[in-house]
Amino acid sequence: MAAAGTTEQRYDHKEIESKWQERWARDGLYRVRDDDPRPKWYELHMYPYPSGDLHIGHWYAMSGADVHARFRRMQGYNVLHPMGFDAFGLNAENAAIQRGIHPYRWTMDNIKHMREQLKSMGTIYDWDREIITCDPSYYRWNQWLFLQLYKAGLAYRAHAPVNWCPSCVTVLANEQVIDGLCERCDTPVTQRDMNQWFFRITRYADELLDHSKMDWPDRLNTMQTNWIGRSEGVEIDFDISEHGLKEKTLRTFTTRIDTIYGVTFVVLAPEHPLVDALTAPERKAEVDAYVEAARRQTDIQRLSTDKEKTGVLTGAFCVNQLNGERVPILVGDYVLLTYGTGVVMGVPAHDQRDFEFATRYGLPIRVVVAPPDWDGGALAEAYTEEGAQVNSAEFDGLPSADGMQRIAAHIEAQGWGHRTVNYRMRDWLISRQRYWGTPIPMIHCERCGTVPVPEDDLPVVLPEDAEFLPTGESPLALHQGFVNVECPQCGQGAKRETDTMDTFVDSSWYFLRYTSPDTHDRPFDPEAVRRWNPVDQYTGGVEHAVMHLLYARFFVKALRDLGLLDFDEPFVRLFNQGTILANHQKMSKSRGNVIAPDSYVETFGADTIRCYLMFLGPWEQGGDWSDSGINGMARWMNRVWELAQRDARQLDDFPRDEAAVRDLKRSVHKTIRRVTDDMERFKFNTALAALMEYTNSLNQAWERKGIVSEDWNDAVEKLLLLLAPLAPHIAEELWERTGHRRVGAGLKSSTKLDRHQLSSVHSQSLPDWDAALAADDVVTLVVQVNGRVRDKIEVPASVSEDEAKATALASQRVAAHIEGKQIARVIYVPGRLVNIVAR
RNA sequence: GCCGAAGUGGCGGAAUGGUAGACGCGGCGGUCUCAAAAACCGUUGGGAGUUAAAUCCCGUGUCGGUUCGAAUCCGACCUUCGGCACCA
């Protein structure tokens, strides 16, 4: 007995769902064949991290993707909709430290469990193509691809200040730092100087800005564009030869070269390599203290925009070569080493930060671009708009936009600098000081330097007997058997690289591996990739906008340039589904607010949960989880179950009535059209609403009589076909129960499917609609007077404009509202309304 | 601060220039039942009006505008969410 208030199932969902899941697997219904003659459709959903349990958010995301993939399949495509696991990552390693379970076992146990859960959803994944990234057969190709990128100069090692998460005890890519906090654990990130491996994604910055070859949401394109942050400007040298250093100039970057005559100081980033050399002996103590303090700050402290701009004088000077003026050099922490050249020319009159800085330290403020109606006096704040050049020697009087060009040309002619482009995006830092990731296949030899592991020696396998201690040291670095190695070049003792790769490397090409997961001699079979890629439809959460989606695009472009691929973009279409929240918060294990689907599946079955989730609202919207409406979906499933199994022969006792048949057909064809359009656009909520309306109208048609069994059975068949992508089990069971055991309906005979496969509802084609049959022959015309509804009249759909207007004007209800008024105009919208404008 | 999206009944939402509230939940009334649950039928934005109806008015965050007609387009503002943010 169900609990009070819970809808009782009229059918045994457990029995039919397990029956069909087993039979589909046995018949290989969802096995994807490369030799299928139908046009291909690659529909991919972002693979999950194997955290251990599928929560309701996974169901929401995966159900929508599965519905759409099934829909395409029934539209006649050979659909590849694969699934796998993003199996490397910190959780597994933390479990090892905390509970002594080896990351491999922890991960594989989770995968085993999650795979079963995914199967219980009734998805069409072809498990023969599953990918598990922590398997050496997968990650060896991470290593191989790394070596190709290294050979091409796209992977390099550099000593650089990097983001460090003290809690995860590893470095992070810029993309993984959110508001100065670690993306994973919200710990404030600090800076460290370390030798690290990078991928040269910046080489592709301009191409990554081009979204014209894809059909992506504008929002996504904007996010990537903002992230890349292209800005055009000029690099200009300031003369520091008076200090007698090896470096004779100090290079700065500016987007406002028109303000060059307004430079009254120059500021170095605290980490700038010339800080020490330029600092005068008497200033050393103060500068050292300042630099030290800056380095100790976290990013959030340092990058806080409302913090006062601080700095110290170095005692050194440089010369602005345009006017020969000597200006002081300072160190200030508002200057970032990682952007531009790490040196800023201070133009306080025309940059608000410089203005605040100059005001605080009493540095001169000289206007060189005049604001409109400027009286020549001091400014209250920086003027950052365009204007006329003043105090700018021979450029005086020019509009600053022209000044910009002329001054840049002058500087280039003099050899003091050149026009250039800067990007906010940095190279992708892929080193991680952790165990559970792909070992970077490099060896450090004292004699030969950094030497790649020969391709024949791949994979570099993670040692199984590593020790997981809560010390923060990488288990690989402590593992002597792993570290000590012969140099492949000179044969002498050498040290293995102990950093592992960011897991985003794995996901940057997994969509290639799905096409040929068993290929052993290369990362993917070029033929298979050519057949399936690029991905036609990618779905997943928007949180990957500037990480995974940018990295994968970079990979494809780099592999293309290596001759491994012949297309430019990995994902042609992209759709971001929304997130299911729990009490307005993102669901996560650490918050402890994860909603498990298990008990709902137990009570209502997978079909009902899938449909309920899809019915909540538009798929892109997500929303707060509530189970308050789930009974309604269960109730509807029961109604479908009952309705599809009625014995239609009793209808034959009544005479066939053409009007009733026509109305039923109209309902059938309108529904096919609506559901098809909605599914196409991921509007599963309105597709379901259309199906619900359809079952309501089928009920009415049954009550009304006048249709015969043939009409009814045809209408029910259409219902099952349209329902199949959403509720695959019940649709299949009812398909069988309504006598559809025949072979081959709607499938081309050349496909190599056996009779079990062909008899499945999921092997049928979606029905087509007939516009003539879907058309109304009577329409309701709304009659308005001055825009307010006053009457509704039924007219034939073929009504002419004159007839419609005449009928509207003849309405009694209208008469009362136009009495004593002049009719100024009558507006007619065909098939919809007549609006009488009366004054 | 800049850029973008959103704001509609008690609730999830539908309608993207033409009947606001499709579809569903919940509520209310009824049928069945000893009773309940389930199921089924009816009803359900607010107000005025009437024995009952007809009918009328108000209503899509706020205020204005464009239009014969605005949830929808435009302007300003408020709120929420997302992105970027000392990027020179």
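In what follows, every chain begins at residue 1, and chains take the letters A, B, ... in the order their sequences are listed. Remember, it's a predicted structure, so these values are computed and weren't measured experimentally.
In this model, the phosphate group of rG13(B) is approached by a side-chain N or O of Gln621(A) to a distance below 4.0 Å at OP1 or OP2.
Distance check on atom P: rA6(B) versus rG17(B) gives 14 Å, rounded to whole Å. Taking atom P in both rC57(B) and rA71(B), the straight-line distance is 15 Å, to the nearest Å. Nucleotides rA36(B) and rC58(B), compared at atom C1', are 42 Å apart to the nearest Å. Nucleotides rA20(B) and rA70(B) are separated by 11 Å at their C1' atoms, to the nearest Å. When the C1' atom is used for both rU55(B) and rU50(B), the distance is 10 Å, rounded to whole Å.
With ring centers used as reference points, Tyr600(A) lies 6.0 Å or more from Tyr612(A).
The base of rC84(B) has none of its N or O atoms less than 3.5 Å from a complementary donor or acceptor on the side chain of Asn226(A).
Atom CE in Met633(A) sits about 20 Å away from atom P in rC11(B), given to the nearest Å. Atom CD of Gln784(A) and atom P of rC56(B) are 13 Å apart (whole Å).
Where Val837(A) and Thr780(A) meet RNA chain B, the nucleotide closest to each residue was compared, and Thr780(A) sits on the side nearer the 5' end.
The aromatic rings of Phe575(A) and Phe682(A) lie parallel to each other, with less than 30° between the two planes, well short of the 60° mark.
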